[in-house]
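For reference, the structure is listed below as structure tokens.
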Amino acid sequence: QMCIRDSHNITEADLAQILEADCEFFGANREKLLVALWEEQPGLAFFTRDHNQQLTGYLFGVYQQGVLKLRAGISTSIKTTLCLLKAVLTVTKEKPGFSKISLGIPEVNQEVVTLLRDLGFTEGDFSVRMFYGEKSEITTNKAIFAIGHPAKG
């Protein structure tokens, strides 16, 4: 079975269920972030459902200067992870200047770490988001690195 048929572009109608699942999973409301990512590049936002129409995963990507940045998502299985990656890569590989993929995952999830290594990914730098003073609103300003590692969730 081809994974791409299991993955669909996120539409405005899908956002409510995705936002609810994200809030449950992360224990915080990330609506502003996810909506901003979707609005910035809706063609790089995908979700999957099982045969009972239950949400099994989603992924929001942003393409900037030859780099596909996988910014936010969850997945209930390795198959779902592969389907979402295949969907976003199918779209991105056609973009001019495509050179690499950047994503953050929990390093304690050894199953995904192993999967990504097997797919040819290599580990990069670790980073921690820090604030001095009052926290600002969530943005997708290209000059500010806002999310990309679980520590910044």
### Query
Has Gln110 got more than 12 heavy atoms of other residues, nucleotides or ligands less than 6.0 Å from its CD?
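More than 12 within 6.0 Å, yes.
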Quick check: closest heavy atoms across [X] and [Y], and the distance to 0.1 Å?
| X | Y | result |
| --- | --- | --- |
| Ala87 | Ser7 | CB-CB, 3.6 Å |
| Leu59 | Ile10 | O-CD1, 4.5 Å |
| Asn9 | Pro42 | ND2-O, 3.4 Å |
| Phe60 | Ala45 | CD2-CB, 3.8 Å |
| Thr90 | Lys93 | O-CG, 3.7 Å |
| Val67 | Ser99 | CG2-OG, 4.3 Å |

### Message
Which residue in the set Gln41, Gln64, Lys100 passes side chain to side chain contact (heavy atoms under 4.5 Å, CB included) when paired with Lys69?
### Response
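With Lys69 as partner, Gln41, Gln64, Lys100 yield a single side chain to side chain contact (heavy atoms under 4.5 Å, CB included), made by Gln64.
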### Message
Would Lys95 and Tyr63 count as a cation-pi pair here, with the cationic atom under 6.0 angstrom from the ring centre and within 45° of the axis?
### Response
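Judged by the rule (NZ or CZ under 6.0 Å from the ring centre, within 45° of its axis), Lys95 counts as positioned above Tyr63.
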### Task
Give the intermediate values and the outcome of side-chain contact (heavy atoms from CB on, under 4.5 Å) for residues Phe98 and Leu89.
CA-CA 10 Å; Phe98 175 60; Leu89 287 173; 4.3 Å; yes
### Message
What's the separation between atom OG in Ser102 and atom CG in Leu70, rounded to the nearest 0.5 Å?
### Response
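CG of Leu70 is found 7.5 Å from OG of Ser102.
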### Query
Between Thr56 and Thr48, do the side chains contain an N or O donor and an N or O acceptor separated by less than 3.5 Å?
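A donor-acceptor contact under 3.5 Å links the two side chains.
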### Message
Under the rule for side-chain hydrogen bond (donor to acceptor under 3.5 Å, both in side chains), what residues qualify as partners of Thr92, not counting sequence neighbours?
### Response
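Per chain and number, Thr92 pairs via side-chain hydrogen bond (donor to acceptor under 3.5 Å, both in side chains) with no residue.
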### Query
Listed by chain and number, what are the side-chain hydrogen bond (donor to acceptor under 3.5 Å, both in side chains) partners of Thr11, not counting sequence neighbours?
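Thr11 satisfies side-chain hydrogen bond (donor to acceptor under 3.5 Å, both in side chains) with Asp14 only.
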Does [X] have any side-chain contact (heavy atoms from CB on, under 4.5 Å) partners at least two apart in sequence or in another chain, and if so, which?
| X | result |
| --- | --- |
| Ser75 | Thr80, Thr81 |
| Phe121 | Ile101, Leu103, Leu116, Leu119 |
| Gln54 | Asp50, Asn52 |
| Gln17 | Arg49, Leu55 |

#### Entry: Stepwise side-chain contact (heavy atoms from CB on, under 4.5 Å) test for Phe26 and Ile74
CA-CA 10 Å; Phe26 283 97; Ile74 64 169; 3.8 Å; yes
### Task
May I ask you to test the Leu15-Leu34 pair for a side-chain heavy-atom distance under 4.5 Å?
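They are not in contact (no side-chain heavy atoms under 4.5 Å apart), so the answer is no.
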### Query
Can you check whether Tyr58 reaches Leu84 side chain to side chain, under 4.5 Å on heavy atoms?
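Result no, sub-4.5 Å side-chain heavy-atom pair not found.
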### Query
Does anything in residues 18-28 pair up under salt bridge (Lys or Arg N to Asp or Glu O under 4.0 Å), and if so which pairs, sequence neighbours excluded?
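Non-adjacent pairs meeting salt bridge (Lys or Arg N to Asp or Glu O under 4.0 Å): Asp22-Arg30.
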### Message
Show, in sequence, the C-alpha distance, side-chain angles and deciding distance for Leu37 and Leu44, and conclude whether the side-chain contact (heavy atoms from CB on, under 4.5 Å) test is met.
### Response
CA-CA 9 Å; Leu37 290 171; Leu44 293 177; over 6 Å; no
### Message
Between His8 and Phe46, is the ring pair (Phe, Tyr, Trp, His ring centres under 6.0 Å) condition met? List the steps.
### Response
CA-CA 5 Å; His8 308 278; Phe46 293 91; 9.2 Å; no
### Message
Filter on side chain to side chain donor-acceptor pair (under 3.5 Å), then keep only pairs touching residues 111-122, sequence neighbours left out; what's left?
### Response
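The answer is Arg117-Glu123.
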